[in-house]
Amino acid sequence: PRGPPSHSLLRLPLLQLLLLVVQAVGRGLGRASPAGGPLEDVVIERYHIPRACPREVQMGDFVRYHYNGTFEDGKKFDSSYDRNTLVAIVVGVGRLITGMDRGLMGMCVNERRRLIVPPHLGYGSIGLAGLIPPDATLYFDVVLLDVWNKEDTVQVSTLLRPPHCPRMVQDGDFVRYHYNGTLLDGTSFDTSYSRGGTYDTYVGSGWLIKGMDQGLLGMCPGERRKIIIPPFLAYGEKGYGEGTVIPPQASLVFHVLLIDVHNPKDTVQLETLELPSGCVRRAGAGDFMRYHYNGSLMDGTLFDSSYSRNHTYNTYIGQGYIIPGMDQGLQGACMGERRRITIPPHLAYGENGTGDKIPGSAVLIFNVHVIDFHNPADVVEIRTLSRPSETCNETTKLGDFVRYHYNCSLLDGTQLFTSHDYGAPQEATLGANKVIEGLDTGLQGMCVGERRQLIVPPAPARGVPGSAVLLFEVELVSREDGLPTGYLFVWHEDPPANLFEDMDLNKDGEVPPEEFSTFIKAQVSEGKGRLMPGQDPEKTIGDMFQNQDRNQDGKITVDELKLKSDEDEERVHEEL
């Protein structure tokens, strides 16, 4: 009988050729009798061996394969390709001719073999009526496409496991994942990537084939797995789909990337990443908060960031202005705290998602940095840092003229303003609406030399972010009694009885600006009266003269000169 064609052997690499010889000798295959008589056993030519062979066919395995069957002269007597139907059968249990049973042993998926089956291992001296003549040697070209055993289980290989695993898949969880599905020989039958969206389903609830239910358990978001499922845990004897999408008795291979996982019973998960020391207050419902955030899906895909807009997100919390999960997750936070908030879909955007970046049923992860928060009912928080050692008999009050140094910053430490940049203290009259209300309040009741820390609720101010809580460190440099509203000068005692005569220095019946200024300055220097503090004395005296010069002729007469207290009393009588 003729052996394998010589040209086929010559095309094999030397190492592979040697391997075939060793295999044939070692297994006693392909040996002719010493006299050149009939073959004693099946001759096996392994003319294509795949690089990877996770398992070889053994007795009792279920296999699926294609073949062409010919006689020695090349005439075809049978072919699975012509029927477009794979052979699916158990090997080694007498369901095949003995030569085929033996020839399939040790075969790998995607391996190609040429088998020469002698008559006594084929159809013998009887043959097969109308198809196989008696004493025929049979030649088979076989490619193995699948192999499994009823004892097989789901095979799981982890290809990539993320360093951080917040939770693993359990029965009853809802998962979103991508996959590529192939048969054991690599033939693709389905992929989620072509549909532009993940496959979303419950695990362990009968929505998936049993093998996938098992293969997904224990997965972390971002993990990649290879899951091999035997047919009886997949689509079994019927297969799936029209034609041969998934043939009967097919093993399935899934390459899976888990995007996220949650359970309908999940609540918001909080993880403190950084907690500042000295947290004396925590955010509660009704507070107005400013915070930065990075928002990502569970697989790490960023969908939004306040940093990209260079602006904090500002909102009330606990009042329904933001998604319920964020409303819950921000409560209890401290100013300056960094925390991770994981929000299940039913507390975020639900089954529909939102926009083109947050898909349906997506778990959201926010890394949040709380900048500050306040409540509309908040008052100025005052903390005394130091007080002068000497006794303090007088403290600042409304109307006082004060000089003070200050540093102003946001609660995250960002400095906004400081009086030290100007080389001189800031000046203000308390209660005169010259500074923001919170600072005005915080400067009251201070001793000269005292240092305070003030936390001031938001107030409109140039150069300050909207709704920002401000931190002031102030030091009172000096304090002077102020003047009542509308006064530029007050007497420390009763004014002179003959005020105009004392003011008219040359006794000509008129008081020009020079005489008026000389008189007022003399009263101040002698301690009999004082001008409005914090103003240029010359300007203040000039304003006083203009007020008394009723007809604006550049001089004051006795009829024009009136004390402000007398004018106020006359005005009251006129109104009455």
Side-chain angles (χ1 to χ4, degrees), residues 268-296 302-343 347-348 358 364-383 385 406-419 421 435-439 441-442 452-474:
V268 174
Q269 299 177 43
L270 302 179
E271 181 182 352
T272 299
L273 306 178
E274 181 181 331
L275 185 64
S277 59
C279 177
V280 296
R281 173 180 172 183
R282 295 182 178 270
D287 285 343
F288 190 89
M289 181 178 287
R290 298 191 315 123
Y291 61 92
H292 272 302
Y293 69 89
N294 285 320
S296 64
L302 187 71
F303 63 79
D304 193 19
S305 173
S306 63
Y307 296 98
S308 66
R309 296 186 290 274
N310 198 30
H311 193 281
T312 56
Y313 192 82
N314 308 334
T315 185
Y316 285 95
I317 63 173
Q319 295 188 337
Y321 289 97
I322 48 182
I323 57 175
M326 187 63 89
D327 248 348
Q328 297 177 26
L330 291 172
Q331 295 189 45
C334 297
M335 293 185 189
E337 181 178 343
R338 295 178 185 271
R339 59 170 50 177
R340 180 178 290 122
I341 305 171
T342 302
I343 304 174
L347 295 175
I358 300 180
L364 306 184
I365 299 177
F366 291 91
N367 283 288
V368 174
H369 181 202
V370 178
I371 303 302
D372 61 29
F373 54 84
H374 72 279
N375 195 284
D378 282 351
V379 296
V380 178
E381 295 182 32
I382 300 174
R383 177 188 173 196
L385 302 178
Y406 73 91
N407 291 317
C408 174
S409 64
L410 302 178
L411 291 187
D412 65 353
T414 302
Q415 183 166 302
L416 300 177
F417 316 105
T418 175
S419 61
D421 287 345
V435 296
I436 60 174
E437 183 179 352
L439 179 58
T441 300
R452 282 181 176 179
Q453 182 186 79
L454 311 175
I455 298 179
V456 179
R462 187 173 59 184
V464 177
S467 302
V469 177
L470 301 180
L471 174 66
F472 285 91
E473 289 189 359
V474 296

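Residues: numbered from 1 along the sequence shown. Since this is a predicted model, take the numbers as computed values, not measurements. These numbers come from the heavy atoms of this one structure, side chains and all, not from hydrogens, waters or symmetry mates.
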Geometric class of the [Y]/[X] ring pair [parallel <30°, tilted 30-60°, perpendicular >60°]:
X	Y	result
Y406	F472	tilted
Y293	F366	perpendicular
H374	F288	tilted

Quick one: closest heavy-atom pair of [X] and [Y], and the distance?
X	Y	value
G286	N375	O-ND2, 3.5 Å
L302	G295	CD1-O, 3.2 Å
A348	I343	CB-CG2, 3.9 Å
R462	F417	O-CZ, 3.5 Å
S409	Q415	CB-CA, 3.8 Å

Sequence neighbours left out, cut at 3.5 Å: what donor-acceptor pairs do the side chains of residues 323-334 make with other protein atoms?
residue: D327; atom: OD1; partner: G318; partner atom: N; Å: 2.6
residue: D327; atom: OD2; partner: G320; partner atom: N; Å: 3.0
residue: Q331; atom: NE2; partner: D327; partner atom: O; Å: 3.3

- Message: I'd like to know if the side chain of T312 and the backbone of N314 have a donor-acceptor N/O pair within less than 3.5 Å.
- Response: no
- Query: Does D372 use its side chain to pair, donor to acceptor, with the backbone of V469 at less than 3.5 Å?
  - Reply: yes
Spacing of [X] atom [atom1] and [Y] atom [atom2] [to the nearest 0.5 Å]:
X	Y	atom1	atom2	answer
R383	I455	CZ	CD1	9.0 Å
I322	I317	CD1	CD1	7.0 Å
D378	F373	CG	CZ	9.0 Å
L270	R339	CG	CZ	5.0 Å
N367	N294	CG	CG	6.5 Å
T315	M289	OG1	CE	9.5 Å

- Message: Between D304 and R309, does any side-chain N to carboxylate O distance fall below 4.0 Å?
- Response: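 Answer for the salt bridge query: yes.
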Give a yes or no on this: more than 12 heavy atoms of other residues, nucleotides or ligands lie within 6.0 Å of atom [atom1] of [X].
X	atom1	result
Y321	OH	no
D421	CG	yes
E437	CD	no

- Hey, does C279 have a side-chain heavy atom less than 4.5 Å from the side chain of M335? no
- Within a strict 4.5 Å, meaning less than it, do heavy atoms of the E337 and R282 side chains meet?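 Sidechains of R282 and E337: in contact.
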- Output, in order, the C-alpha distance, side-chain angles, deciding distance and verdict of side-chain contact (heavy atoms from CB on, under 4.5 Å) for D412 and H292. CA-CA 11 Å; D412 65 353; H292 272 302; over 6 Å; no
- C408: which of L471, L439, L470 passes side chain to side chain contact (heavy atoms under 4.5 Å, CB included):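 Among the candidates, only L470 passes.
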